[in-house]
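Just follow the structure's listing: the first ligand is 1, and inside any ligand the first atom is 1. Remember, it's a predicted structure, so these values are computed and weren't measured experimentally.
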Amino acid sequence: MSDLTTLKDFTLELGLKDTKKVIEAGKEIGLNLKSNSKLDPETAHTLYEYIINKVKPATKPPKSKESKSKETPKKDTPPAKSQEPQAEPQKSTPTDCPAPSMPTKPVVKKCNIEIISTGEKEAPKPKKPETPKAPPKLEPKPTPLPTPIVATPPQPQASPTSTLSTRTRGIRIVRRTDQEEAALARALEASKSIDTPENKEEKKPKKVPKQKSVQKPSPKNRTHKLDFSHSRDFNDIYEDEQDEVMLFDFHSQDLEENPPEESMPKMITDRVKIQKKTPWMSEGGIRRSSRKKRVYRNENTQKSVQSVISVSEEVRVYEFAQSANLNLADVIKTLFNLGLMVTKNDFLDRDAIEILAAEFGLEVSIESTQVFVEETQEEENQVLSERPPVVTIMGHVDHGKTSLLDKIRNQRVAGSEAGGITQHIGAYMVQKNDKWISFIDTPGHEAFKQMRERGAKVTDIAIIVIAADDGVKPQTIEALKQAKDAGVQIIVAMNKIDKENANVDKLKAECAELGFNARDWGGEYEFIPISAKTGQGIDTLLETILIQAEIMELRAGVEGNGRAVVLEGSVEKGRGAVATIIVQNGTIKVGDAVVADVAFGKVRTMSDDQGKSIQSLRPSQVALITGLSEVPMAGSSLMVVENENTARSLAHKKATYLRQKALSKSTKVHIDELSSMVANKEFKNIPLVLKADTQGSLEAIKHSLLGLNNDEVGVQILGAGVGAISENDLSLVANNSHALVLGFNIRPTGNVRSKAKELCVEIKTYSVIYALLDDMKALMGGLMSPIVEEEDTGQAQVRETFVIPKVGTIAGCMVVDGVINKGIKVRLIRDGVVVHVGKIVSLKRFKDDAQEVSKGYECGIMLDHYNDVRVGDVFESFKEIQKSRVL
Ligand SMILES: Nc1nc2c(ncn2[C@@H]2O[C@H](COP(=O)(O)OP(=O)(O)OP(=O)(O)O)[C@@H](O)[C@H]2O)c(=O)[nH]1
């Protein structure tokens with residue numbers, strides 16, 4: 001029964017729906033078939049050969065003999081490999097088989113296979129199957145599909161199964177698994193093919209040579225083979241160990257078990273898609289793995305840490321970690337190891353960013369946090385016009401800066417200044433030869449260092465005023481350095497040449513030593529001799545400035561929204577917050593909405609240095625503006641924005657940012673700081689609130705005060721601000737018994753004064769910065785541990801020594817200087833070297849105890865727990881005197 005196949009099954013296997021065609025074909029070769037006929041293997045084979053290959057049986061359908069020989073191949077086709085899967089739709093292939101007539105649908109769905117293959121020996125299109133037996137003419141059917149598979153020519157087979165298998169000859173089935181075996185068995189059963197072990201054995205040797213003729217398939221072909229392999233036609237199963245050509249190595253997951261017939265086409269399509277997506281599937285297993293690896297590496301690279309990052313000037317810890325694709329914990333840990341205890345929300349300053357980047361081997365670009373970066377970019381496209389030079393006057397205190405400026409603008413300023421020194425940045429414009437020059441009067445006092453730095457940044461030219469009678473002084477050096485660092489042009493004004501002792505050559509020589517050579521000495525710097533008192537040389541100086549400006553080709557955009565720098569900010573009675581600004585680009589007009597850090601508003605009024613009202617301000621021009629919500633920070637950027645709402649929102653944004661930053665800073669503690677504070681339990685500081693009339697003064701004083709801090713004592717600024725002392729300021733310090741309120745150029749009002757008394761808060765006000773700093777120095781000095789000084793009181797020379805058992809060594813001495821006292825500390829000096837410092841425990845005059853022995857008298861001295869005293873040694877007695885420290 002297993003030998004017979006019903007005609008219906010046979011028809012189906014051929015991929016035909018109707019048995020009629022088969023019956024007709026049978027007739028043509030002399031077979032009388034009916035729809036319910038059963039075919040023996042031989043008949044089936046003959047019929048198959050006729051239908052598929054158009055090979056007519058020579059005689060009658062072959063009998064057993066032939067079948068035997070044909071079975072041979074069959075046998076070897078073993079089931080093994082098999083699990084041949086899906087039916088091959090496009091039977092196409094074959095050169096050797098009549099593709100057209102092949103079923104497109106899988107015939108058998110029982111086995112789930114994973115075979116495949118074709119390999120090196122497999123020929124995609126074996127044109128001429130050499131069938132030892134069968135002479136049949138193979139008609140290579142024009143196959144639309146490039147099916148590669150087949151290779152070996154069909155061999156005459158005894159059974160239908162074997163006959164069918166010829167279609168796939170050349171296929172190399174690889175990987176034989178138990179499952180495959182089982183699948184094959186099922187397939188065989190389904191086909192009812194006859195396949196005996198004997199046959200298999202017989203076939204083996206025969207196939208060997210055939211395989212050799214197989215050609216190597218192209219990758220394209222392989223793809224088709226894949227489809228073929230999916231064919232469920234168990235007849236495609238073919239095995240020949242010598243045909244070992246394995247191209248595909250499917251993962252079992254790729255093949256679905258017994259997919260429903262209807263879904264086959266779709267499944268095949270999906271498969272093709274999969275192949276497209278994963279090209280490695282069309283390659284051999286080994287290559288696949290290597291490709292896989294490559295892909296993996298790529299992924300890794302993508303996930304890896306960014307080697308070049310760009311962060312804003314102040315970035316939070318977690319933001320840094322994100323932008324560098326680093327683990328947050330690693331970043332925090334690294335910061336901790338660097339001595340910085342931070343939370344993820346803390347801000348990192350520039351240094352920390354750079355150090356971190358170095359730690360992680362990153363290249364970092366730090367971007368400015370300026371709110372107005374976009375505007376700056378806009379400015380690049382503007383039409384530029386000539387602008388006046390901005391000049392800063394710098395120099396040592398009292399060398400005549402204010403006098404010079406005063407002379408230049410014919411207006412006296414110095415006289416009205418408290419303490420006789422300039423305390424704020426002032427900005428003025430002067431005209432010379434129909435050209436304008438903007439001057440920023442930067443104070444020379446050390447306390448205004450910061451303001452000076454700011455001044456240097458907005459200026460084009462720095463006039464370094466050096467009094468010719470005094471020469472180069474510390475602040476001169478500092479000013480020269482600052483100007484050079486700021487990259488501004490330097491002109492030296494040798495002032496006070498009207499004075500008898502003025503020595504310009506000495507001055508030039510001193511400057512030359514610092515690397516600033518006068519032009520007439522072969523250098524590159526202009527040295528102009530002037531007298532701010534007589535006005536001598538002032539014109540030359542101004543002309544030099546203008547020439548220099550021309551060389552520098554100073555230009556700026558006039559159109560568009562203005563951008564300025566705040567030089568100074570203060571609160572003025574009746575005017576509110578005012579700011580001295582200098583325009584850097586564009587135009588600022590009355591009514592413009594502006595924002596400067598946390599201050600915003602509409603420009604209400606603008607007035608020049610003469611107090612004259614002006615309506616618009618162009619590059620390099622200076623003015624005092626009103627209309628701001630609060631006093632802007634000196635040095636901050638002031639920008640014209642669309643409208644007041646925008647200004648407000650930008651200011652609020654900045655305020656939030658600053659608040660968060662301040663909070664963040666408060667959580668930052670340097671470990672070393674912490675440990676030193678812990679170790680030094682005597683750490684003291686003076687809590688205070690500082691109020692000043694202007695932002696510039698406030699900052700200068702703050703800076704100076706903080707500069708007084710040392711390891712032992714310092715100031716703790718609880719609050720600082722511009723404007724009058726308020727009750728709020730008092731409440732800040734009320735809980736601290738040592739706290740102070742310092743006011744500079746302001747006076748407490750009646751209410752505040754009485755409230756201060758009530759709260760026992762001390763308010764100290766000053767109008768000269770020296771006085772304030774001196775007081776603070778004294779105060780801080782008082783808090784520091786006293787200095788211990790040693791005062792020598794006398795000397796005694798050892799003339800003889802006496803060793804008294806159980807007592808010690810007594811030195812017989814002569815007092816050669818001052819007085820020696822009992823209990824006093826002495827240094828024991830031998831050959832000029834102090835060999836011991838101790839205390840005198842016994843002082844005798846002869847046999848009597850003495851409290852002191854004066855010069856010229858002999859005495860006996862015994863030291864406390866020290867007996868190595870020798871003749872010739874000298875005792876030097878001294879007192880320890882504690883003195884308060886002065887800062
Ligand atoms: N003889 C003479 N005296 C001058 C000259 N220039 C300034 N002085 C005097 O030097 C002193 C200091 O002058 P200021 O203009 O206040 O000096 P400054 O550098 O502005 O000083 P600070 O504002 O304290 O930094 C004043 O008494 C001036 O009168 C000058 O050219 N000749």
Taking only heavy atoms of His396 into account, list the atoms of ligand 1 that are under 4.0 Å away from them.
-> 19 (O)
Report, in ascending order of atom number, the atoms of ligand 1 lying under 4.0 Å from any heavy atom of Thr402.
-> 15 (O), 18 (P), 20 (O), 23 (O)
Distance in Å, Leu772 CG paired with Thr765 OG1, rounded so as to fall on 0.5 Å steps | 9.5 Å
Going by distance only, is there an N or O of [X] that falls short of 3.5 Å from an N or O of ligand 1?
| X | value |
| --- | --- |
| Lys499 | no |
| Ile530 | no |
| Ala532 | yes |

Pair listing, ring pair (Phe, Tyr, Trp, His ring centres under 6.0 Å) test, anchored in residues 464-502, at least two apart = none
Chi angles and distances behind the salt bridge (Lys or Arg N to Asp or Glu O under 4.0 Å) call for Asp539, Lys432 = CA-CA 8 Å; Asp539 279 347; Lys432 172 77 183 166; 3.1 Å; yes
Residue pair Met776 / Val715, side-chain heavy-atom distance below 4.5 Å | yes
Select one of side chain, backbone, both or neither to describe which atoms of His399 lie under 4.0 Å from any atom of ligand 1, heavy atoms only.
-> backbone
How does Asp498 reach ligand 1, by side chain, by backbone, by both or by neither, if only non-hydrogen atoms under 4.0 Å count?
-> side chain
Answer yes or no: is there an ion pair linking Asp592 with Lys602, defined by an N-O contact shorter than 4.0 Å?
-> no
State whether Lys508 and Asp520 are salt-bridged, where the test is any N-O pair (Lys NZ or Arg NE/NH1/NH2 against Asp/Glu carboxylate O) under 4.0 Å.
-> yes
Shortest reach to atom 6 (N) of ligand 1 by a heavy atom, considering only Thr534, Ile538, Asn495 | Asn495
